[in-house]
Amino acid sequence: MTTKVPVIAIDGPGGAGKGEISRAIARELGWHLLDSGALYRLVALSAIAKSADLADAQLLADLTRNLAVRFDNVGEYCRVFLGGLDVTENIRTEESGQVASVVASMPAVREALITRQRSFQQAPGLVADGRDMGSVVFPDARLKIFLTASVEERARRRYKQLKDKGIDVSLPALSKDMQERDRRDSERSIAPLRACSDARVLDTTRLSIPDVVQTVLQWVGETYP
Ligand code: DC
């Protein structure tokens with residue numbers, strides 16, 4: 001019998017619904033949540049704030065190791081702090097996302113985040129949301145899920161999310177950015193975005209959030225009875 005804390009790895013491209021689904025599953029099970037994309041976005045934000053050279057991998061890896069990050073759960077919501085500053089909204093901008101994708105392509109940055117990500121594996125369990133949760137960070141996770149959706153649908157969802165927050169964006173520009181980010185995330189040499197062979201793939205293009213949550217919970221029940 002393994003005494004390891006159970007992990008559900010949820011990977012997939014941006015806009016596939018990973019964030020919302022992972023939050024709902026963690027809430028339903030009473031498990032911890034790792035939003036690994038937020039960590040890459042925090043590295044990006046910190047690099048932007050320090051006007052760091054985005055081509056200097058060593059500098060960015062040092063910055064990553066020294067990142068003063070705090071995640072505070074306030075009721076249902078999680079607030080993110082960088083060096084004591086509340087950056088919950090700042091990390092969600094398109095600029096942070098684009099720079100996050102650039103820093104995420106650097107092996108030294110990814111390596112510098114591994115231990116921090118693994119420290120989230122605490123009882124009673126962890127829902128880990130990202131791109132390489134099942135392939136690299138938690139390869140022993142017994143349930144690995146790859147959530148995907150068409151690029152048009154993912155751009156439409158991201159557009160709505162940003163509009164709801166009062167952020168003005170154009171749908172064609174967002175769709176182009178998303179394709180560019182997909183390409184960079186999928187083609188990078190380290191931990192490229194792709195479903196691992198032991199992941200269950202779920203296309204959410206035509207599914208509602210409750211439908212996806214129900215399917216995932218069924219898989220959780222089968223895997224961790
Ligand atoms: O999921 P997100 O949009 O918040 O992620 C931001 C960027 O970070 C995205 O371009 C890919 C990268 N990322 C990654 O490379 N590995 C992860 N585990 C999570 C995110």
Side-chain angles (χ1 to χ4, degrees), residues 7-23 26 33-48 54 57 60-61 63-64 67 69 71 78 80 82 87-121 126-139 141 144-149 151 153-155 157-162 165 167 169 174-196 199 204:
V7 176
I8 303 168
I10 304 188
D11 292 305
K18 283 175 295 140
E20 217 167 330
I21 302 299
S22 300
R23 263 195 307 279
L33 176 69
L34 165 61
D35 173 0
S36 61
L39 290 175
Y40 287 96
R41 286 170 179 270
L42 284 159
V43 175
L45 206 63
S46 176
I48 295 168
L54 293 182
L60 292 168
L63 185 148
T64 302
L67 217 55
V69 176
F71 292 91
C78 180
V80 186
L82 181 62
V87 294
T88 314
E89 272 83 39
N90 313 44
I91 58 167
R92 297 296 158 200
T93 62
E94 276 307 291
E95 187 196 12
S96 302
Q98 284 295 339
V99 176
S101 168
V102 172
V103 298
S105 67
M106 298 174 166
V109 170
R110 303 198 73 84
E111 185 59 40
L113 275 181
I114 294 240
T115 310
R116 200 186 285 258
Q117 293 177 92
R118 289 190 179 143
S119 71
F120 282 74
Q121 186 176 4
L126 174 69
V127 180
D129 157 5
R131 304 290 193 287
D132 61 343
M133 298 295 99
S135 55
V136 177
V137 184
F138 301 106
K144 299 179 184 178
I145 299 170
F146 192 83
L147 284 188
T148 185
V151 70
E153 175 63 14
R154 291 189 286 117
R157 289 178 189 170
R158 187 55 62 86
Y159 177 76
K160 186 170 177 308
Q161 258 175 14
L162 293 172
K165 286 186 189 153
I167 301 171
V169 280
L174 206 59
S175 178
K176 189 168 158 283
D177 281 358
M178 196 160 253
Q179 290 180 52
E180 191 185 320
R181 188 127 62 100
D182 280 358
R183 189 189 49 72
R184 200 181 304 121
D185 292 344
S186 312
E187 291 178 359
R188 67 179 174 224
S189 56
I190 181 165
L193 170 69
R194 67 177 62 120
C196 7
T204 70

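Remember, it's 1-based here, ligands and their atoms both numbered in the order they're listed. This chain uses plain numbering: 1 for the first residue, then up along the sequence. Hydrogens, waters and symmetry mates are skipped; everything else that's a heavy atom, side chains included, is used. The shown structure was predicted, so the numbers you read here are calculated from the model rather than taken from an experiment.
Looking from atom 11 (C) of ligand 1 to the surrounding protein, the closest heavy atom is D185 OD2, 3.4 Å. For atom 19 (C) of ligand 1, the nearest non-hydrogen atom of the protein is S36 OG, 3.4 Å. At the top of the distance list for atom 8 (O) of ligand 1, counting protein heavy atoms only, stands Y40 CB, 3.5 Å. Taking atom 9 (C) of ligand 1 as the reference point, the nearest protein heavy-atom neighbour is R131 NH2, 3.4 Å.
In the vicinity of M133, heavy-atom distances shorter than 4.0 Å reach the ligand 1 atoms 18 (N). Listed by number with element, the atoms of ligand 1 under 4.0 angstrom from any heavy atom of S101 are 10 (O). Listed by number with element, the atoms of ligand 1 under 4.0 Å from a non-hydrogen atom of A104 are 12 (C), 15 (O).
The residue from V102, T64, I91 that alone fulfils the side-chain contact (heavy atoms from CB on, under 4.5 Å) condition with V43 is T64. When each of R131, R181, R184 is tested with S101 by the rule side-chain hydrogen bond (donor to acceptor under 3.5 Å, both in side chains), just one qualifies, namely R184.
The shortest N or O to N or O distance between D132 and ligand 1 is below 3.5 Å. At least one N or O atom of R110, backbone or side chain, sits closer than 3.5 Å to an N or O atom of ligand 1. On a distance-only criterion, D129 and ligand 1 share no N/O pair closer than 3.5 Å.
When the options A9, A100, A16 are ranked by their closest heavy atom to atom 7 (C) of ligand 1, first place goes to A100. Of the candidates Q117, R41, K18, the one placing a heavy atom closest to atom 6 (C) of ligand 1 is R41.
Looking only at distances, a side-chain donor or acceptor of T204 sits under 3.5 Å from a matching main-chain atom of A16. A donor-acceptor pair under 3.5 Å is formed between the side chain of K144 and the backbone N or O of P139. With Q117 contributing its side chain and L113 its backbone, the two residues share a donor-acceptor pair below 3.5 Å.
The number of heavy atoms from other shown groups lying within 6.0 Å of CD (E180) is above 12.
Between R154 and D182, at least one side-chain nitrogen of the basic residue sits less than 4.0 Å from a carboxylate oxygen of the acidic one, meeting the salt-bridge criterion.
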Checklist line | Audit row: R23, D129, salt bridge (Lys or Arg N to Asp or Glu O under 4.0 Å) steps and yes/no | finding: CA-CA 9 Å; R23 263 195 307 279; D129 157 5; over 6 Å; no
